[in-house]
Amino acid sequence: MKNECYIVRDLLPTYIDKLCSLESAEFVDQHIATCDKCTQIAKQMRAEFDIDENVDITANMEQKKPLKKLANFFNAQRGYTAFLRAAFWISLIVTVGFFIYSLSVLNDINDERKVARSVEQEKQEVMEQSFEVLSTNLDETALQKIFQEYSDHLQHLAVFSTDHINDFTLIREGITHPYSIDFSRLKEGPSNAYPINYSQAELVVGDGGTVTELIIPNDYDIGTVAMANEEWIIQFEYKEAYFDTVERAHQSKYYGPSNWIIFQLPLILLVITSFILGNWIFQKRITKPVNNMLD
Ligand SMILES: [Zn+2]
């Protein structure tokens with residue numbers, strides 16, 4: 001065996017793996033062309049290498065299978081993250097939309113509340129001022145003055161003596177009912193009341209001191225307001241033109257929605273949006289490193 005054969009055989013593994021330099025490869029080629037023994041060994045080594053390579057490929061494929069499963073899993077996770085992202089933005093837009101809507105509702109409700117407050121305040125003022133006059137005596141001129149002040153809204157203002165109407169009959173739609181006044185309620189403050197017959201009044205101001213129209217108690221009787229102390233009952237009627245405002249005030253006071261009700265829906269949506277956001281952030285955190293690996 002020539003010296004060259006030793007060198008060629010040292011080079012053969014890298015030559016077959018195609019890892020040697022071009023010069024070395026040319027040298028091996030030239031030698032093999034002239035040396036049968038080395039040609040034989042090269043053939044043998046190549047055959048072994050091919051088997052190894054096939055084994056490697058199968059092994060790699062076996063190794064890649066779970067990786068592929070993992071990749072599929074994380075692709076699905078990526079899809080889920082994308083879904084959460086879309087769900088979050090949609091939910092956020094809907095929530096903001098409902099918040100804006102609720103704010104406009106609140107604005108309208110606050111206007112109604114303002115009306116209700118001013119109606120309540122006016123009731124108080126009329127009663128306080130009238131009772132103050134009555135605390136000295138039944139001064140018609142002073143009561144006229146109070147009535148004039150509120151004549152935009154009031155039709156009549158009447159004073160009854162509690163001595164004279166402890167037992168009185170209510171003439172309603174032509175039928176006479178015995179009727180007792182709930183004094184304890186009327187003493188607490190101005191209340192909506194079944195109208196006491198104005199013919200029993202000590203004094204009526206407005207409409208020249210006489211009530212010609214027929215006052216029929218309606219379902220609410222929110223058109224009549226009364227208040228009592230030990231001595232007197234003051235009762236007034238609202239003008240028909242002002243009745244809508246009184247009705248609105250009544251609705252707002254007793255049936256108006258609370259702020260909680262107004263903002264209930266957007267607040268629930270906010271909770272849902274936050275929940276989706278939390279899930280999205282969590283999902284992003286667990287898929288991010290894997291995404292970097294897969295990309
Ligand atoms: Zn040789």
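Numbers here simply count residues along the sequence, with the first being 1.
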Would you call K37 and C5 a side-chain contact if the rule is heavy atoms closer than 4.5 Å?
no
If we ignore hydrogens and angles and just use 3.5 Å, is the side chain of T14 paired with the main-chain N or O of L12 as donor and acceptor?
no
Flag, side chain of S161 to backbone of D163, donor-acceptor distance under 3.5 Å
yes
Where the side chain of K239 meets the backbone of S151, is there a donor-acceptor pair that is under 3.5 Å apart?
yes
What distance separates I268 CD1 from T273 OG1, expressed to the nearest 0.5 Å?
11.5 Å
Are I272 and F263 in one and the same hydrophobic cluster, where Ile, Leu, Val, Met, Phe, Trp and Tyr link if side-chain heavy atoms are under 4.5 Å apart?
no
If you count heavy atoms of other groups shown closer than 6.0 angstrom to NZ of K145, is the number above 12?
no
Rounded to the nearest 0.5 Å, what's the gap from CD on E231 to OG1 on T162? Could you check?
7.0 Å
Would you compute the distance between atom NE2 of H31 and atom CG of D29 and round it to the nearest 0.5 angstrom?
11.5 Å
Would you say I281 and L84 are hydrophobically clustered, going by side-chain heavy atoms of ILVMFWY under 4.5 Å?
yes
Connected via hydrophobic side-chain network under 4.5 Å: F99 and L92
no
Sidechain-backbone polar pair: S135 side chain, E132 backbone, donor-acceptor under 3.5 Å:
yes
Anything under 30° is parallel, anything over 60° is perpendicular, the rest tilted; go ahead and classify H250 against Y254.
tilted
Separation between CD of Q144 and CG of L157, rounded to the nearest 0.5 Å:
9.5 Å
Measure the spacing between CZ of R78 and CG of N75 and express it to the nearest 0.5 Å.
5.0 Å
Minimum-distance pair of heavy atoms, taken over all atoms of S102 and I262
OG-O, 3.0 Å
Any donor-acceptor pair under 3.5 Å linking the side-chain atoms of Q44 with those of Q40?
no
Measuring only between side-chain heavy atoms, which start at C-beta, is E140 closer than 4.5 Å to E202?
no
Between S252 and R248 (side chain of the first, backbone of the second, donor and acceptor by atom type, cut-off under 3.5 Å), is there such a pair?
no
Using a 4.5 Å cut-off on heavy atoms from C-beta on, say whether the side chain of I7 contacts that of V28.
no
F282 reachable from F83 in the ILVMFWY side-chain graph, under 4.5 Å edges:
no
Check whether S130 reaches the backbone of V126 with its side chain - one donor and one acceptor, N or O, closer than 3.5 Å.
yes
Would E4 and F27 satisfy side-chain contact (heavy atoms from CB on, under 4.5 Å), going step by step from the backbone distance to the final call?
CA-CA 10 Å; E4 214 172 77; F27 171 72; 3.3 Å; yes
For a side-chain contact (heavy atoms from CB on, under 4.5 Å) check, start with the C-alpha distance between M227 and S191, then their side-chain angles and the critical distance, and finish with the verdict.
CA-CA 6 Å; M227 189 173 163; S191 315; over 6 Å; no
What I'd like to find out is whether the side chain of R113 reaches to under 4.5 Å of the side chain of L106, using heavy atoms alone.
yes
N229 and K187: CA distance, side-chain angles, deciding distance, side-chain contact (heavy atoms from CB on, under 4.5 Å) verdict:
CA-CA 6 Å; N229 65 10; K187 277 175 186 167; 5.5 Å; no
How are the rings of W89 and W280 set relative to one another: parallel (under 30°), tilted (30 to 60°) or perpendicular (over 60°)?
perpendicular
Can you find a heavy atom in the side chain of V225 that is under 4.5 Å from one in the side chain of Y238?
yes
Would you say the side-chain atoms of T39 pair up with the backbone N or O of I32, donor to acceptor, closer than 3.5 Å?
yes
Can you name the closest pair of heavy atoms from P190 and Q124 and give their distance?
CD-NE2, 3.7 Å
Taking the side chain from T95 and the backbone from P266, do they hold a donor-acceptor pair closer than 3.5 Å?
no
Relative to the ring of Y101, is the ring of F98 parallel (under 30°), tilted (30 to 60°) or perpendicular (over 60°)?
perpendicular
Check against salt bridge (Lys or Arg N to Asp or Glu O under 4.0 Å), E120 and R117:
CA-CA 5 Å; E120 286 302 310; R117 270 200 302 274; over 6 Å; no
What one should report as the nearest heavy-atom pair of C20 and S24 is CB-CB, 4.0 Å
Evaluate the side chain to side chain donor-acceptor pair (under 3.5 Å) criterion for residues Q251 and E247: first the C-alpha distance (whole Å), next the side-chain angles of each, then the deciding distance (0.1 Å), finally the verdict.
CA-CA 6 Å; Q251 291 291 337; E247 169 83 33; 3.1 Å; yes
For residues Y198 and E237, is any side-chain donor paired with an opposing acceptor at under 3.5 Å?
yes
